[in-house]
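Every heavy atom of this structure was used, including side-chain atoms; hydrogens, water molecules and symmetry mates were not.
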Number of protein chains: 2
Amino acid sequence: MQSRRRVRGGKALFSAGDAFTSLYAVDGGFFKTHVLDADGREHVTGFHMGGELLGLEGIGSGQYNVTAIALEDSLVGVVPYPLIEQRSREIPDLQHELHVALSRQIARGQEVLMVLGSMRAEERLAAFLLNLSSRFGQRGYSRSELPLRMTRRELGSYLGLTLETVSRLFSRFRGQGVVEVRHKHVRLLDVARLKAIVNAASG
Amino acid sequence: MQSRRRVRGGKALFSAGDAFTSLYAVDGGFFKTHVLDADGREHVTGFHMGGELLGLEGIGSGQYNVTAIALEDSLVGVVPYPLIEQRSREIPDLQHELHVALSRQIARGQEVLMVLGSMRAEERLAAFLLNLSSRFGQRGYSRSELPLRMTRRELGSYLGLTLETVSRLFSRFRGQGVVEVRHKHVRLLDVARLKAIVNAASG
DNA sequence: CGGTTTCTTGATTGGGATCAATAGGAGTGG
DNA sequence: CCACTCCTATTGATCCCAATCAAGAAACCG
């Protein structure tokens with residue numbers, strides 16, 4: 001039902017403004033999505049790994065409204081949207097799966113919204129690390145060995161922080177024995193402590 | 001195809017954790033949606049008026065994961081979800097409309113995410129007022145006379161600010177001749193200026 | 001290698017949170 | 001109607017977290 005497409009690290013899978021044609025199922029690799037604001041500055045809206053769907057927000061406007069960039073060589077399944085609509089009329093299970101995927105994306109957005117709206121810098125990074133750990137775990141990878149594919153700047157953009165703040169937080173966590181950080185590889189040493197940091201989101 | 005339900009101001013249409021059964025189309029009135037964090041503190045995730053769908057994020061998890069509260073006496077259309085799935089298999093236009101609604105909700109979330117992740121307090125409130133104005137306008141109401149149904153605290157919670165900051169910003173805008181503020185009624189006096197404030201989102 | 005991007009760390013600034021006090025409405029019951 | 005209370009809003013004073021400005025160090029890449 002679907003063809004495949006390779007995307008080299010650093011290359012775009014689709015760009016904001018492109019006509020919406022297909023959904024993409026990430027098979028392997030790692031993507032970021034971003035938008036450009038009025039001043040041409042980049043704002044990262046999400047990071048995406050195997051098992052996740054890209055392009056869902058294009059249905060409503062007829063064009064992609066984020067740009068998806070592969071952060072390493074990646075593989076995606078290409079599913080033409082008209083085909084999905086047709087098949088999901090014939091196969092109720094598929095229809096429901098699509099609705100679930102769309103709905104979960106909405107719920108995920110609301111979670112990020114809470115992180116940005118109510119957490120302090122330290123809490124945001126801790127929440128991000130736990131979220132990434134959980135997603136790696138769900139896909140059968142280690143929950144504690146996290147290869148970061150994004151730069152400090154990209155991570156900061158996603159979390160509403162500057163790259164310097166992200167760097168300082170990694171150093172602080174390292175000093176507290178919570179994580180080990182080498183370049184772009186992070187090892188979680190004290191998950192309970194990270195959870196405590198997130199839950200300390202009280203004023 | 002759908003029944004109707006009245007909701008008195010202050011009452012919940014549905015609560016986080018309730019079993020997901022139906023989508024709700026706001027016919028008249030005004031709603032807020034919120035979640036409670038680990039400490040039981042409320043975080044507003046959105047404000048909703050006529051023409052908007054509530055409950056979409058419940059499809060994925062089988063239960064509503066926000067609480068919807070009417071901020072004034074309101075009227076909604078109740079659409080049982082199984083009925084929607086069935087009908088949308090028979091009526092491609094309805095199917096597409098549902099996908100568009102879901103997709104737009106995702107896109108809206110991404111916009112809010114950008115507001116919270118990259119704008120300063122003043123820019124956030126200006127963006128909110130312009131957004132509210134546009135939504136009132138689309139529904140045939142005045143674009144400049146905005147009856148706020150939410151408290152300063154609720155608005156602050158939505159924008160990631162404290163109620164004091166929201167209050168101060170209203171005072172500042174009033175001092176600049178940008179708006180007129182009386183209690184919970186706002187009149188936009190200088191829309192161009194508001195747009196300039198939002199676009200000044202450069203560092 | 002040299003050049004470029006990325007990361008770390010330090011010094012300083014500033015915007016919004018917090019703490020605090022007062023005023024303004026709205027609702028209730030006398 | 002007024003007195004009382006509760007909730008909401010305004011405004012001021014102070015503090016603190018993260019942004020900004022700045023300088024090296026480390027890693028990546030031709």
Show me the protein contacts with nucleotides 22-26 of chain C, counting only N or O atoms at under 3.5 Å.
residue: C/dG25; atom: OP1; partner: B/H183; partner atom: ND1; Å: 3.2

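Distances shown here put every side-chain N or O of A/R168 at or beyond 4.0 Å from the OP1 or OP2 atom of C/dT9. For B/S167, a side-chain nitrogen or oxygen approaches OP1 or OP2 of D/dT10 to under 4.0 Å. Distances shorter than 4.0 Å separate some side-chain N or O of A/S171 from OP1 or OP2 on C/dT9.
Residues in residues 5-14 of chain B take part in these side chain to side chain donor-acceptor pair (under 3.5 Å) pairs, two or more places apart or across chains: B/R8-B/D73. Among residues at least two apart or in separate chains, salt bridge (charged side-chain N to carboxylate O under 4.0 Å, His left out) pairs with a member in residues 130-149 of chain B are B/E52-B/R135, B/E52-B/R139, B/E72-B/R149, B/E145-B/R187.
Rounding to whole angstrom units, CG of residue A/L71 and C1' of C/dT6 are separated by 14 Å. Between B/R149 atom CZ and D/dA9 atom P the separation is 14 Å, expressed in whole Å. Atom CE in A/M150 sits about 14 Å away from atom P in C/dT6, given to the nearest Å. Straight-line distance from the CZ atom of B/R152 to the P atom of C/dA17: 15 Å, rounded to whole Å. Computed from coordinates, the B/R153 CZ to D/dC6 P distance equals 17 Å when rounded to whole Å. Going from atom CZ of B/F173 over to atom P of D/dT10 covers 13 Å, rounded to whole Å. As rounded to whole Å, 18 Å separates atom P of C/dA17 from atom CD of A/E122. Rounded to whole Å, the distance from CG on B/L148 to C1' on D/dT8 is 13 Å.
Note on the helix from C/dC1-D/dG30 to C/dG30-D/dC1: angle between the axes of the first and last five pairs equals 50°, rounded to 10 degrees.
Residues that satisfy the ring-ring contact (aromatic ring centres under 6.0 Å, His included) test with B/F14, not counting sequence neighbours, are B/Y24, B/Y64. Here B/S22 pairs with nothing under the side chain to side chain donor-acceptor pair (under 3.5 Å) rule; sequence neighbours left out. Checked against side chain to side chain donor-acceptor pair (under 3.5 Å), B/E42 has the following partners two or more places apart in sequence or in another chain: B/K32. B/H43 is linked by a ring-ring contact (aromatic ring centres under 6.0 Å, His included) to nothing, counting only residues two or more places apart in sequence or in another chain. Checked against side chain to side chain contact (heavy atoms under 4.5 Å, CB included), A/A126 has the following partners two or more places apart in sequence or in another chain: A/F173, A/L194, A/I197, A/V198.
For DNA chain D, the neighbouring residues in residues 154-165 of chain A, judged by any heavy atom under 4.0 Å, are A/G160, A/L161, A/T162, A/E164, A/T165.
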Can you give each donor-acceptor pair under 3.5 Å made by side-chain atoms of residues 107-114 of chain B, sequence neighbours left out, with the distance rounded to 0.1 Å?
residue: B/R108; atom: NH1; partner: B/Q105; partner atom: OE1; Å: 2.9

Can you list, pair by pair, the side-chain donor-acceptor contacts under 3.5 Å of residues 53-63 of chain B, counting residues two or more places apart and other chains?
residue: B/S61; atom: OG; partner: B/Q63; partner atom: O; Å: 2.9

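B/T45 OG1 to B/Y158 OH: the interatomic distance, rounded to the nearest 0.5 Å, is 8.5 Å.
Closest approach of B/G177 and B/D190 over heavy atoms only: O-CB, 4.1 Å.
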